[in-house]
Amino acid sequence: WLDNPKLPADWKGKVPDDADLCLVTHGHFDHSASTPAIAKASKKAVKICANYEIGNFFKKFHEIDEKIPEPMNKGGTIDYGFCKISMTTADHSSSCMCPKGDIQNAGEPTGFVIHISHLNARIYHAGDTNVFTDMGIIEELYHPNIVMIPIGDRFTMGPEGASLACSHFLKSAQHIVPMHFGTFPMLPGTYDGFKTELGKRGVDLARLVNTPEILDQDHWSVNYSALQ
């Protein structure tokens, strides 16, 4: 979402032109609105991984070439050679805003696991979601060692639910990346609150990535050789 008010100043008003893949978890504007612009700007053979409904929405309302959307659904995996993409379930809602303001069904919300075998990285982007018991299946199937998890509350789980997800289900995570918080005043979840809840549940806080601290950095690096 390139209109995110927390977007670093250097990125405001810009569209990246080097995307290989766009992974769309659901249709809400803050997760899908910039996808057509990114796909059209890419100088690569970009693909949009999303459910069938969202792919059709992009083709119908945003003139996305029919070869770009890669329809898939929960439980499915696509192998691109440089990585594999697995779609998971999520506990949320999903819809797309049409150009005239009406709402269109966007299928069911999802998450993704990105498998990058040459780096031994298995990245679970939970999407917008509540904690749910099938996170245990995601752990058993994919053993994600990098977890990106929402903590904002109100529209997703808050710090308490996210800490339960990390302590009870996502036990392979060596890096826990909190997201989807602090964007708007109505999202009360905070990094410090999440850190406190993780501590209560005995999660090693060395695994927690301080996303507010790295917000204005050009990049955040992972020691891939240490991933298990």
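Starting from 1, each residue takes its place in the sequence as its number. This one's a predicted model, so the numbers in the text were calculated from it and none came from an experiment.
The main-chain N or O of Gly27 is found under 3.5 Å from a side-chain atom of Ser94 such that the two form a donor-acceptor pair. Of the possible polar contacts, one joining the Ser42 side chain to the Ala19 backbone as a donor-acceptor pair under 3.5 Å is found. At distances below 3.5 Å, not a single donor-acceptor pair connects side-chain atoms of Arg201 with backbone N or O atoms of His168. Panel note: side chain Thr110, backbone Thr25; a donor-acceptor pair is recorded below 3.5 Å. For Thr129 (side chain) and Asp91 (main-chain N/O), a donor-acceptor pair under 3.5 Å exists by modelled atom type. When atom types are taken as modelled, the side chain of Asp30 and the backbone of Asn4 share no donor-acceptor pair closer than 3.5 angstrom. Side chain of Lys59 to backbone of Gly55: no donor-acceptor contact under 3.5 angstrom is found. Put simply, the side chain of Asn210 gets close to the backbone of Glu213: a donor and an acceptor are under 3.5 Å apart. Side chain of Ser86 to main chain of Thr77: no donor-acceptor pair is present (N/O by atom type, distance under 3.5 Å, no hydrogens or angles). A donor-acceptor contact shorter than 3.5 Å links the side chain of Thr211 to the backbone of Pro178.
Residues Phe82 and Ile116 fail the side-chain proximity criterion, which asks for heavy atoms closer than 4.5 Å. Using a 4.5 Å heavy-atom threshold, the side chains of Asn145 and Gln228 count as separate. Counting only heavy atoms from C-beta outward, the side chains of Pro150 and Phe181 never approach each other to under 4.5 Å. Two residues are said to be in side-chain contact when any heavy atoms from C-beta on lie closer than 4.5 Å; Tyr124 and Met148 fail this criterion. No side-chain heavy atom of Leu119 sits under 4.5 Å from any side-chain heavy atom of Leu227. Taking the side chain as every heavy atom from C-beta outward, Thr190 and Phe194 never approach each other to under 4.5 Å. Under the 4.5 Å side-chain criterion, counting only non-hydrogen atoms from C-beta, Pro5 is in contact with Thr183. Contact of the Leu21 side chain with the Val46 side chain is not registered, since no non-hydrogen atoms from C-beta on lie closer than 4.5 Å.
Other residues, nucleotides and ligands place no more than 12 heavy atoms under 6.0 Å from the NZ atom of Lys67. Around NZ of Lys40, the count of heavy atoms belonging to other residues, nucleotides or ligands within 6.0 Å exceeds 12. No more than 12 heavy atoms of other residues, nucleotides or ligands sit less than 6.0 Å from atom NZ of Lys195. Around OH of Tyr52, the count of heavy atoms belonging to other residues, nucleotides or ligands within 6.0 Å does not exceed 12. Atom NZ of Lys12 has more than 12 heavy atoms from other residues, nucleotides or ligands within 6.0 Å. For Glu70, the CD atom is densely surrounded, since the number of other residues' heavy atoms within 6.0 Å is greater than 12.
The closest side-chain donor-acceptor pair between His92 and Asn130, if any, does not fall under 3.5 angstrom. Between the side chains of Ser172 and Glu139, at least one donor N or O lies within less than 3.5 Å of an accepting N or O.
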### Message
Evaluate Lys74 against Glu108 for salt bridge (Lys or Arg N to Asp or Glu O under 4.0 Å), listing each step before the verdict.
### Response
CA-CA 9 Å; Lys74 292 176 287 188; Glu108 294 192 1; 2.3 Å; yes
### Step-by-step side chain to side chain contact (heavy atoms under 4.5 Å, CB included) determination, Leu208 to Tyr191
CA-CA 10 Å; Leu208 178 61; Tyr191 169 82; 3.5 Å; yes
### Query
Step by step, would you call Ser225 with Asn223 a side chain to side chain donor-acceptor pair (under 3.5 Å)?
CA-CA 5 Å; Ser225 63; Asn223 181 6; 2.6 Å; yes
### Query
Between Val177 and Met179, does a side chain to side chain contact (heavy atoms under 4.5 Å, CB included) hold up when you go through it step by step?
CA-CA 6 Å; Val177 184; Met179 62 177 188; 5.5 Å; no
#### Entry: Verdict with reasoning, Ile176 to Val209, per side chain to side chain contact (heavy atoms under 4.5 Å, CB included)
CA-CA 6 Å; Ile176 299 169; Val209 177; over 6 Å; no
### Task
Apply the test side chain to side chain contact (heavy atoms under 4.5 Å, CB included) to residues Tyr80 and Ile78: give CA-CA distance (whole Å), side-chain angles for both, the deciding distance (0.1 Å), then the verdict.
CA-CA 6 Å; Tyr80 289 101; Ile78 301 177; 3.5 Å; yes
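Note on Ile149: it clusters hydrophobically with Leu198, by side-chain heavy-atom contacts below 4.5 Å among ILVMFWY residues. A continuous path of ILVMFWY side-chain contacts below 4.5 Å connects Ile123 to Val222, so both sit in one hydrophobic cluster. When the side chains of ILVMFWY residues are joined at heavy-atom separations under 4.5 Å, either directly or via intervening members, Ile146 and Ile85 end up in a single hydrophobic cluster. Both Ile114 and Met87 are assigned to one and the same hydrophobic cluster, defined by single-linkage of ILVMFWY side chains at heavy-atom distances under 4.5 Å.
Within the 6.0 Å centre-distance limit, the rings of His31 and His180 are counted as a close aromatic pair. You'll find the ring centres of Phe57 and His62 inside the 6.0 Å limit.
Across all non-hydrogen atoms, the minimal contact from Leu2 to Ser34 is N-OG, 2.8 Å. When every heavy atom of Phe112 is checked against every heavy atom of Met72, the shortest pair comes out as CE2-SD, 4.2 Å. The two residues Ala173 and Val147 come nearest to each other via the heavy atoms CB-CG2, 3.5 Å. Here the closest heavy-atom approach between residue Asn120 and residue Arg122 is recorded as OD1-NH1, 3.3 Å.
By the 30° and 60° cut-offs, the orientation of the rings of Tyr142 relative to His115 is perpendicular.
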